[in-house]
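One-based numbering along the sequence shown. Worth saying up front: this structure is predicted, and the values here are computed from it rather than measured.
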Amino acid sequence: MPVKSPCIGTCVLDPKSGYCTGCYRTGDEIGTWMSMSDGTKKRVISKLKTRRQQSPSGTQSRRMQNV
C-alpha cells in the first residue's frame with residue numbers, strides 16, 4: 001500500500017524553520033515526495049511528529065494528530 005502524503009492543504013513554508021506550517025515537511029521533501037521510495041517517505045513521516053512538537057505554533061500542531 002502506498003504511503004499517503006501528510007499534506008493537509010496548508011502549504012506555507014515558515015521562513016524561520018523552513019518547514020511547511022501544515023505538514024512540517026521541508027520544501028525539498030514536498031517537492032520530491034512523488035519520486036521518493038516508500039521507505040524514504042516513511043522516514044520523513046517519522047520526523048514530522050518531532051518537528052511539530054518543536055514548533056512554536058500550537059494551532060497547526062493540532063491539525064497533524066494523525067502523524
Side-chain angles (χ1 to χ4, degrees):
M1 192 162 133
V3 177
K4 189 175 174 183
S5 170
C7 180
I8 61 168
T10 305
C11 304
V12 177
L13 290 179
D14 179 272
K16 288 184 181 181
S17 69
Y19 301 135
C20 173
T21 60
C23 68
Y24 294 93
R25 291 180 292 169
T26 65
D28 286 343
E29 291 165 346
I30 293 167
T32 60
W33 185 261
M34 296 303 289
S35 64
M36 287 180 183
S37 68
D38 283 349
T40 302
K41 289 177 182 179
K42 288 176 184 178
R43 283 189 290 279
V44 169
I45 288 173
S46 71
K47 296 175 185 178
L48 301 182
K49 185 175 181 179
T50 301
R51 292 177 185 172
R52 182 181 73 236
Q53 290 172 342
Q54 293 174 347
S55 171
S57 174
T59 304
Q60 281 82 15
S61 296
R62 286 189 284 278
R63 292 182 186 169
M64 290 271 310
Q65 291 177 1
N66 294 333
V67 174

(request) Identify the two heavy atoms, one from Y24 and one from Y19, that lie closest to each other, and give their separation to 0.1 Å. (result) O-CD2, 3.7 Å
(message) Give me the atom names and distance for the closest heavy-atom approach of C20 to T10.
(response) SG-O, 3.0 Å
(request) Sequence neighbours left out, what pairs pass salt bridge (Lys or Arg N to Asp or Glu O under 4.0 Å) with at least one residue falling in residues 15-33? (result) E29-R51
(request) Give, for atom NZ of K47 and atom NZ of K42, the distance between the pair rounded to the nearest 0.5 Å. (result) 15.5 Å
(message) Contact between P6 and W33 at the side-chain level, heavy atoms closer than 4.5 Å - yes or no?
(response) yes
(request) Starting at OG of S5, measure out to CD1 of I45 and round the result to the nearest 0.5 Å. (result) 7.5 Å
(request) Output the distance between atom CG (L13) and atom OG1 (T26), rounded to the nearest 0.5 Å. (result) 8.0 Å
(request) Say whether R52 and S55, considering side chains only, have a donor N or O and an acceptor N or O under 3.5 Å apart. (result) no
(message) For a quick check under 3.5 Å, do T32 and S35 share a side-chain donor-acceptor pair by atom type?
(response) no
(message) Could you report the tightest heavy-atom contact between G9 and C7, atom names first, then the distance?
(response) N-SG, 3.3 Å
(message) Would a single hydrophobic cluster contain both I30 and V12, if residues Ile, Leu, Val, Met, Phe, Trp and Tyr are joined by side-chain heavy-atom contacts under 4.5 Å?
(response) no
(message) Using the rule given for side chain to side chain donor-acceptor pair (under 3.5 Å), can you reason through T40 versus R43, listing the C-alpha separation, both sets of side-chain angles and the distance that settles it, and then say yes or no?
(response) CA-CA 5 Å; T40 302; R43 283 189 290 279; 3.1 Å; yes
